[in-house]
2 protein chains.
Amino acid sequence: MVPADDRVKKPGMRSVWLDAKVPRGSGGGARKGDPDSGLDREKITAATVALLDAEGLAKFSMRRLAAELGVTAMSVYWYVANKDDLLELALDRVAGELSPPDPDDDTDWRVQLRRLAQSYREMLVSHPWTTGLLSRFLNIGPHMMAFSHASIEVMRKGGVPVERQGGAISAVFQFVYGFANSEAQFRGLAADAGLSVDELFRESMGLIAGEIEETELFRASSEIMAARGGGTVEEMYQRDFTYSLDVLIAGIEATRGGPAGAAEAPEVPGAPGA
Amino acid sequence: MVPADDRVKKPGMRSVWLDAKVPRGSGGGARKGDPDSGLDREKITAATVALLDAEGLAKFSMRRLAAELGVTAMSVYWYVANKDDLLELALDRVAGELSPPDPDDDTDWRVQLRRLAQSYREMLVSHPWTTGLLSRFLNIGPHMMAFSHASIEVMRKGGVPVERQGGAISAVFQFVYGFANSEAQFRGLAADAGLSVDELFRESMGLIAGEIEETELFRASSEIMAARGGGTVEEMYQRDFTYSLDVLIAGIEATRGGPAGAAEAPEVPGAPGA
DNA sequence: ACCTGAACACCGTTCAAGT
DNA sequence: ACCTGAACACCGTTCAAGT
């Protein structure tokens with residue numbers, strides 16, 4: 001049959017990770033000519049991540065990627081069934097940066113949770129295209145799975161009862177996802193507008209002030225502005241993130257032995273562990 | 001000049017909401033012929049929302065929309081500068097479903113917060129295309145702004161000090177965003193696969209079990225499964241959402257008067273109030 | 001003031017064909 | 001086993017032209 005299409009056709013879930021175990025270009029011996037010229041999934045995935053980092057998801061195309069690889073547009077389809085599969089591979093590749101803790105590490109669970117959250121946030125922010133993709137796939141690649149399971153382990157160490165672990169993980173990592181998404185996107189908007197994040201922040205504030213002016217609503221938002229107390233947007237993000245995590249950890253501790261009736265969310269879809 | 005292009009060209013932020021106040025098609029008197037045939041922003045936006053709801057963001061195109069409106073592809077550009085502007089309009093239109101509380105309503109702040117969160121979640125889940133767009137724009141449309149300000153007001157009523165209101169809002173609504181996003185997307189995956197959410201959940205669980213089998217990691221995840229106790233995915237989502245909100249509210253109360261050093265996130269970008 | 005048609009510079013993917 | 005070229009059915013947007 002045609003390249004990379006040896007999967008079952010039955011309707012159901014779709015993911016690269018469910019396909020034939022041995023991907024193209026890693027099978028029969030090295031290339032004949034010069035050894036670096038052969039394509040494989042590894043090289044293609046690496047180039048995809050590089051391109052996504054450099055130009056974003058919107059500008060990424062199979063044709064653009066092929067050009068980068070010095071190859072014709074359709075060569076890539078020998079190694080990868082379609083664009084979505086390639087994006088799944090790219091996603092799990094950067095999930096390799098997550099570095100979940102050693103299961104035998106006996107550091108305080110709160111510290112470990114903070115580290116997991118910070119690490120997830122850093123991945124999302126330094127590869128802004130990830131937030132747009134995480135919700136499109138099942139996220140069952142090896143690195144994602146490792147991260148999910150590390151999250152469960154941390155909650156267990158924190159004494160969260162089994163029926164609540166899913167909920168607690170969801171509260172934390174869905175927050176991180178949303179936070180990092182908005183953070184990354186705001187940086188993107190700033191970059192597009194040719195402004196620093198601080199400049200864009202000031203500009204949008206000024207503009208809102210001009211639009212709704214003297215209303216009650218504006219007074220409230222204005223109070224918050226005043227309380228900001230002269231930090232950079234960067235500092236605001238960090239303080240906000242930290243405080244929100246404090247809220248979550250305090251909340252988890254406070255409800256640890258609370259009333260029954262809370263269970264876990266589906267493990268697989270969306271953000272890790274949720 | 002050309003249609004809908006009377007904006008300033010200076011680099012900076014871009015948003016429909018920053019354009020000339022009077023949009024095309026609402027100016028000079030009703031249509032000559034039959035009164036229903038004329039296009040305007042209102043009709044176009046409504047058709048856009050309908051199409052996005054029915055077929056999703058991926059299938060939406062200007063040409064498809066024009067066809068729906070019984071008009072040539074390019075007519076739409078008379079009323080709207082480009083696709084992004086139209087999507088911004090669609091987004092704020094469904095944000096009109098959010099129904100923030102009356103500022104004079106003296107219901108307990110926790111109840112009001114739960115209502116805001118539930119209402120936001122419902123909007124995101126019943127219009128799954130919104131999560132993909134919220135992070136792409138500034139979200140400064142009138143309905144979004146109203147929701148943002150209502151969120152601030154609720155935190156104020158909850159006794160959260162001004163410097164923490166932004167962080168608390170961020171913790172809650174970024175969570176809701178992430179949660180609803182993963183919920184909506186999982187429903188979408190199920191629909192694409194022609195399965196119910198329960199079927200897809202079972203199928204993915206079985207599959208993961210088959211893949212990693214006897215490892216320690218799997219044992220942990222397997223324990224959680226066992227603790228699920230026979231609910232539907234629907235019920236799981238609801239319990240999880242509720243428990244997570246409990247965590248957040250308990251956390252907000254616990255840290256209400258806590259240590260200093262936490263401030264708000266930028267008001268404008270991303271999810272409302274964050 | 002509003003709408004159209006043709007055109008430009010793109011997409012993802014299929015398919016038959018080359019080596 | 002791997003790669004190519006041509007083709008299909010699309011995109012968003014511009015521009016000159018119609019009424």
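Lettering follows sequence order; numbering is per chain, from 1.
Between A:D85 and A:R41 there is no salt bridge, since no side-chain N of the basic residue sits under 4.0 Å from a carboxylate O of the acidic one. Using a cutoff of 4.0 Å between basic side-chain nitrogens and carboxylate oxygens, A:D84 and A:R136 are scored as salt-bridged.
Along DNA chain D, the nucleotide nearest A:T72 and the nucleotide nearest B:M74 are compared for position; the residue whose nucleotide lies closer to the 5' end is A:T72.
Ring centroid separation for the pair B:F179 and A:F173 does not come in under the 6.0 Å cut-off.
In this structure, the CZ atom of A:R63 is 14 Å from the P atom of D:dC8, given to the nearest Å. In this structure, A:D84 places its CG atom 7 Å from P of C:dT13, rounding to the nearest Å. In this entry the distance linking CZ of A:R41 with P of D:dC2 reads 13 Å, nearest Å. One atom, OH of B:Y77, and another, P of D:dC11, lie 11 Å apart when rounded to the nearest Å. The CG atom of B:L69 sits 10 Å away from the P atom of C:dC3 (whole-angstrom rounding). Rounding to whole angstrom units, CZ of residue B:R64 and P of D:dA9 are separated by 18 Å. A straight line from NZ of A:K59 to P of D:dC11 spans 22 Å, rounded to a whole angstrom. Whole-Å rounding puts the B:Y79 OH to C:dT4 C1' distance at 13 Å.
Pair assignment for C:dT14: D:dA6, on the basis of Watson-Crick or G-U wobble contacts that are both within less than 3.5 Å.
Note on A:W78: a side-chain N or O is less than 4.0 Å away from OP1 or OP2 of D:dC2. For B:S75, a side-chain nitrogen or oxygen approaches OP1 or OP2 of C:dT4 to under 4.0 Å.
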ask   = Can you check ring pair (Phe, Tyr, Trp, His ring centres under 6.0 Å) on A:F201 and A:Y237, steps first, answer last?
value = CA-CA 12 Å; A:F201 184 69; A:Y237 272 128; 8.7 Å; no
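The separation of C:dA1 from D:dA17, taken at their C1' atoms, amounts to 15 Å, rounded to a whole angstrom.
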